Number of protein chains: 2
Amino acid sequence: MNEISEQLHGKGRYATRTRERVAQVLREERRYLTAHAIHEMLVARGISISLSTVYRTLELLVGLGVAATRGEENGEISYVFCTVQHHHHAVCRTCGRVEEVGCGPLARFARDLRAGQGFELEDHAIELYGRCSDCAKR
Amino acid sequence: MNEISEQLHGKGRYATRTRERVAQVLREERRYLTAHAIHEMLVARGISISLSTVYRTLELLVGLGVAATRGEENGEISYVFCTVQHHHHAVCRTCGRVEEVGCGPLARFARDLRAGQGFELEDHAIELYGRCSDCAKR
DNA sequence: AATAATTTGACGACGAATCGCAAATTCATG
DNA sequence: CATGAATTTGCGATTCGTCGTCAAATTATT
């Protein structure tokens, strides 16, 4: 089976069909989705699932480290599938696809920041917006 | 008077004492605050103001470009005072102070991103966390 | 001071997110 | 494959942040 089932079993949680379906949506879409959007997509596929369960499953996936959250400007919370620990997201403005990217050049940025205004950089959150390789061709 | 009053007059809006007080809190604090927090701070100062007015004033300040918003992970929306157009925020983890910083090294980052995975960078949102110069000394 | 405009406060509406509990599902065991 | 203990699910109610409505108050102008 997949990793999520194993991770759940290792923590004494059940790997249910419902949870697998929520994770599947995130895996397929690879873009930021609200709990409501995920719920609607599942219902559209003819799958019966409650909104509460979607919320609880998403919370679980975030705890497992396979999903990340983002607070939208309108107060909603969006979720996206992700695989590695520390990274950032490049969001395509055309198709919404989310790619994971490293944070290489931040080292020099941190140096400049300390030299310039004495700020000691410890962590950072970056969101990048633009066109993914597919959408940039058109 | 100050700039905000002039900007309001130029748009046919009134520069009221209430609005000045909300702006004053943001100017003094220089950190991300929710509408509720701002409301409580004003009430604690003995100022009578409704939560609705705080919300409306914050919306107005964002429209004027003197405040910026951030969606928190719990779905709340926070506001911070800011002065220049495009910039990013360095948030002190000790005192919460927010400093504005430029985005110099992003140019090279954009080049690497395009070369690496074909992503065309158009815009970005960055939040930096660490210690401001004062807190770093202790 | 009078007038026309905007703004304020109180109240309610709305939606996102959470909680409690009974019913259903999952999983290990025999 | 049936059984039982554990977890999970669904439903409804609830909380909470945010926004809309409208009469009363405030502001700016004459």
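It should be emphasised that the depicted structure is a prediction, and the values quoted were computed from it without experimental measurement. As a basis for the values below, the full set of heavy atoms in this structure was taken, side chains included, without hydrogen atoms, waters or symmetry mates. Chain A is the first sequence line, chain B the second, and so forth, proteins listed ahead of strands; every chain is numbered from 1.
- A straight line from CD of B/E73 to P of D/dC16 spans 20 Å, rounded to a whole angstrom.
- In this entry the distance linking CG of A/L8 with P of D/dT9 reads 10 Å, nearest Å.
- Between A/R19 and the phosphate of D/dT9, there is a side-chain N or O to OP1/OP2 separation shorter than 4.0 Å.
- The CD1 atom of A/I49 sits 14 Å away from the P atom of D/dT8 (whole-angstrom rounding).
- Looking at every heavy atom in both residues, A/L26 comes nearest to A/Y79 through CD2-O, 3.8 Å.
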Classify every nucleotide of nucleotides 17-30 of chain D by which part a protein heavy atom approaches to under 4.0 Å, writing B for the base, S for the sugar-phosphate alone and - for neither, in 5'-to-3' order.
SBSBB-----BS--

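- Listed pair B/S50 / C/dA10 fails the phosphate criterion, with no side-chain N or O lying under 4.0 Å from OP1 or OP2.
- Heavy-atom minimum distance, B/S78 versus B/T34: OG-CG2, 3.7 Å.
- Here the closest heavy-atom approach between residue B/A35 and residue B/V54 is recorded as O-CG1, 3.7 Å.
- Under 3.5 Å, the side chains of B/N74 and B/E76 contain a donor-acceptor pair of N or O atoms.
- Computed from coordinates, the A/L60 CG to C/dT18 C1' distance equals 16 Å when rounded to whole Å.
- In this structure, A/L61 atom CG and D/dT8 atom P are separated by 12 Å, rounded to whole Å.
- Considering A/I47, A/T53, A/T18 in turn, A/I47 is the only one that fulfils the side chain to side chain contact (heavy atoms under 4.5 Å, CB included) rule with A/L42.
- Side chain to side chain, B/R27 and B/Q24 meet the donor-acceptor criterion of an N or O pair below 3.5 Å.
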